[in-house]
Each structure stands twice: as structure tokens, then as C-alpha cells.
Amino acid sequence: MGGRLSRQSSLEDETDEAMDSGGQSADASRVEFALTSLMLSSERIPGVLRRSKPAPYVRRSAWIRDIQALLRDHKQQRALQVLKLLRKDLGLEGTFLNDILYRHVTVLNLVDPISHELLLSLARELQCPRKEHDSMKSTDRICRQLMYHLTPHSKWHRHSLPQRKNLTSLKNTLLQKLSTESLDLSGIPLSPRDAQRIALYLQSHGDHLTSIDLSFTDLTDGTLHLVQPALSALPNLTHLALNGNRLTCSTLKELSEAMKDNVNFPCLSWVDLGNNVDIFSMPQPLLLGLRRRLCQQNLLPTIPEAQDGDISEGSIPVSFPELPWDR
């Protein structure tokens with residue numbers, strides 16, 4: 001489970017420690033290379049994000065690139081320092097296997113268990129390496145999987161898009177008559193005005209929607225607050241993706257409160273809140289609300305259990321064929 005911590009101060013402390021340890025190296029010209037992603041250049045930030053602080057996934061993907069470069073230069077200890085920063089930024093404290101395996105074993109309510117498993121595999125490869133060639137291939141593969149999972153590249157490849165969607169994609173998506181039951185706005189940067197347009201669209205055309213993808217859209221707590229009433233009123237919505245945005249625990253509290261009332265989100269059974277600012281685990285009220293709605297849909301068939309010797313009238317006992325060794 002993600003630990004409660006002061007993210008900004010703790011990250012600064014870890015950054016200072018990593019920089020101090022790197023300063024003792026003889027290769028002074030490359031001391032700060034491991035943490036270059038802490039001061040991202042404008043070329044590495046999408047144009048829509050240059051006017052403000054980049055989204056968390058930009059910082060995290062830069063750290064993964066730093067880990068790959070450090071491992072290629074055989075600087076394992078400095079790679080571990082960056083890995084520790086990445087884990088703490090994702091709310092997963094600890095880098096050593098003992099911390100991961102024994103002190104933080106409650107992972108059932110993590111919002112992003114995939115990242116947890118990949119980071120666990122990466123820590124295992126760094127601390128218990130195999131042959132040098134095999135270890136390099138394995139760590140590079142894990143880093144590429146992390147990069148794919150924590151960035152919108154998967155969305156671009158899915159829709160055969162060469163780059164981030166532009167602002168006209170929102171109008172095109174909302175104007176066209178949807179023949180499916182899903183609305184995919186992933187990768188489109190949404191302003192508060194765009195959120196109001198989406199809310200109006202959902203109020204008039206959203207009754208048939210079962211899945212809405214708002215991942216990697218630069219959503220903030222305030223922007224989502226504008227569209228949440230329209231989302232909560234959709235009668236058939238079952239899947240909602242909000243990962244890769246700038247959402248905080250304030251949004252988590254609002255969703256938890258809304259889920260306490262069965263009128264809100266009547267069919268919602270799955271929500272993705274991973275890769276946001278400080279949302280690391282799912283609170284119990286939200287989990288219970290999702291579970292209650294899932295059970296109401298009767299999606300999981302159940303088999304009635306009978307007590308030993310409790311055979312109702314009309315029931316047919318099950319007989320098994322006689323085997324040769326039973327004779």
C-alpha cells in the first residue's frame with residue numbers, strides 16, 4: 001500500500017542524497033546525469049505542457065530513461081537511487097527487496113498494481129543480477145514496459161497516431177455520431193472550457209455509453225469537478241479511465257463520497273486512477289461502492305453450496321464410474 005508521505009520534501013531529500021553520492025565520483029562531468037530529468041528541458045516536454053508544470057508521467061518517464069542510460073554505463077548504484085525516487089513518486093516506498101516483499105505486502109488496493117510488479121522485477125534484477133548480458137537485456141525490457149505503461153504511447157499506437165492528438169480531435173470526436181458504446185478522448189489536452197463541452201455532450205448523448213477514457217488529458221481536480229456530475233448521472237457507464245493526469249487525493253475523496261449514494265454512477269464497476277499526482281491506493285468506501293455495483297449487475301454466476309448430507313428432494317446424486325483399481 002502506498003505510504004503517506006510528504007512527497008515534495010521527501011523527493012528533494014532523495015535528490016540531494018543522490019547528487020551528493022554522485023559528487024564523489026571521479027567522472028565529475030557526468031555527476032548530475034542521473035537526475036537530469038529533475039530539470040526537464042523544454043524539448044522533452046510536449047508543447048501543450050510547456051506553459052505549466054509538466055504532468056507526473058513526464059517526470060517519471062524521464063527517470064526511466066535515466067535508469068536505462070545509467071545501466072548501460074554500468075552505474076548500478078546511481079540507477080538504484082533513481083529507482084528509489086521513481087518508487088517514492090509512485091507511492092511505493094522502499095527499494096530493497098526486503099522492504100518490497102515483507103514491509104509492503106498489502107498491494108490488493110493499489111491503484112496501479114502493474115507499475116508495482118514491474119518496479120519489483122526491476123529491483124530484483126538490479127540487486128540479484130544474473131549474467132551481465134542477460135541482466136542488461138532483462139532490465140532494458142522492464143524499463144521499456146514501464147515506459148509503455150506510464151506514458152500515452154500505448155494510446156497513440158492503438159489509434160495509429162504519430163503524435164499527441166491536437167485540439168481539433170475533441171470537436172471531431174464529439175460531433176461525429178458514435179456507433180459504439182465507448183468514448184475515447186485519451187491524449188487530448190482538456191481545458192475547463194473543454195470539460196464544460198464534454199459535460200453538455202454527456203447530458204444529451206451519453207445514455208448509451210458504457211466506457212469513457214479520459215486518460216492523459218491533463219485533467220486537474222477542478223477540471224474533473226466540472227464534468228463529474230454528468231459522469232455520475234450516466235445510467236450505463238461501467239468503465240472510467242482517469243489515469244495519467246494531474247489528479248490528487250481531493251478527487252479521490254469526491255469520488256468516494258459520490259459512490260456512497262447508489263444514484264451516482266449506478267453501473268460503474270471499474271475506475272483507473274493510476275499514474276496521477278498522489279493517488280496511490282483505493283480507499284475502502286470507493287472499493288465497497290464498486291463492489292456493490294458489480295454485484296448488482298449479477299456478472300459473476302454463483303454456485304449454491306449444500307451442507308454435507310443436505311440433499312433436497314428431486315435432486316439427482318452424482319455418480320462416478322468405477323475405476324479398475326476400485327474393483
Side-chain angles (χ1 to χ4, degrees), residues 2-3 5-23 25 30-46 49-50 52-97 99-100 104 110-127 135-136 138-154 216 218 243-246 274-280:
L5 49 88
S6 177
R7 295 177 61 259
Q8 185 64 31
S9 61
S10 60
L11 285 176
E12 291 176 354
D13 294 340
E14 295 296 336
T15 303
D16 294 338
E17 293 177 3
M19 296 292 284
D20 293 340
S21 62
S25 173
R30 304 187 66 183
V31 166
E32 298 181 357
F33 175 75
L35 301 178
T36 52
S37 56
L38 296 178
M39 298 294 293
L40 293 174
S41 62
S42 59
E43 291 79 12
R44 301 175 72 178
I45 303 176
L49 300 179
R50 292 178 187 173
S52 60
K53 187 177 180 181
Y57 80 85
V58 179
R59 176 179 64 250
R60 292 160 185 168
S61 61
W63 277 333
I64 298 172
R65 286 192 292 267
D66 287 342
I67 292 175
Q68 288 178 297
L70 288 170
L71 292 177
R72 284 194 294 267
D73 291 342
H74 305 285
K75 297 180 179 180
Q76 181 176 343
Q77 292 302 319
R78 290 166 63 183
L80 281 170
Q81 290 289 339
V82 183
L83 175 60
K84 189 174 183 179
L85 288 175
L86 179 60
R87 284 187 55 82
K88 184 167 290 188
D89 197 38
L90 287 169
L92 307 171
E93 285 206 61
T95 302
F96 295 100
L97 292 181
D99 295 336
I100 300 171
H104 304 282
L110 287 174
V111 296
D112 192 1
I114 296 178
S115 293
H116 180 272
E117 291 296 327
L118 290 173
L119 290 172
L120 174 60
S121 299
L122 184 58
R124 184 185 296 112
E125 290 293 336
L126 291 180
Q127 298 178 47
S135 179
M136 283 296 300
S138 180
T139 53
D140 187 68
R141 174 180 55 82
I142 296 173
C143 287
R144 284 188 283 108
Q145 290 175 336
L146 270 171
M147 183 76 72
Y148 188 83
H149 176 63
L150 294 176
T151 60
H153 298 142
S154 58
F216 300 102
D218 296 337
N243 56 300
N245 290 301
R246 306 166 184 264
N275 200 14
N276 278 286
V277 177
D278 58 356
I279 300 177
F280 306 134

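Sequential numbering from 1 along the given sequence is applied to the chain's residues. These numbers were taken from a predicted model, which means no experiment stands behind them.
Between Phe280 atom CZ and Lys88 atom NZ the span is 11.0 Å, to the nearest 0.5 Å. Taking CD1 of Ile142 as the reference point, atom CG of Leu119 lies at 9.5 Å (rounded to 0.5 Å). The CD atom of Gln81 lies 13.0 Å from the CG atom of Leu86; values are rounded to the nearest 0.5 Å. Of the inter-residue distances, the one linking Thr139 atom OG1 with Arg124 atom CZ reads 13.5 Å to the nearest 0.5 angstrom.
No side-chain heavy atom of Gln127 sits less than 4.5 Å from a side-chain heavy atom of Gln76.
Trp63 pairs in a side-chain contact (heavy atoms from CB on, under 4.5 Å) with only one of the listed residues (Leu150, Leu83, Asp89), which is Asp89.
Contact record, Met136 with Leu71: SD-O, 3.5 Å, taken as the closest heavy-atom pair. Taking every heavy atom of both residues into account, Pro56 and Arg246 meet most closely at CD-CG, 4.4 Å.
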Verdict with reasoning, Tyr57 to Asn243, per side-chain contact (heavy atoms from CB on, under 4.5 Å): CA-CA 10 Å; Tyr57 80 85; Asn243 56 300; over 6 Å; no

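Listed by chain and number, the residues in a side chain to side chain donor-acceptor pair (under 3.5 Å) with Glu125 are Arg130, Ser138 (sequence neighbours excluded). Considering only residues two or more places apart in sequence or on other chains, Asp112 meets the side chain to side chain donor-acceptor pair (under 3.5 Å) condition with Ser115, His149. Applying the side chain to side chain donor-acceptor pair (under 3.5 Å) rule to Arg144 yields the partners Asp140; only residues at least two apart in sequence or on another chain are considered.
Side-chain atoms of Asn245 never come within 3.5 Å of backbone atoms of Asn276 as a donor-acceptor pair (strictly under, hydrogens ignored).
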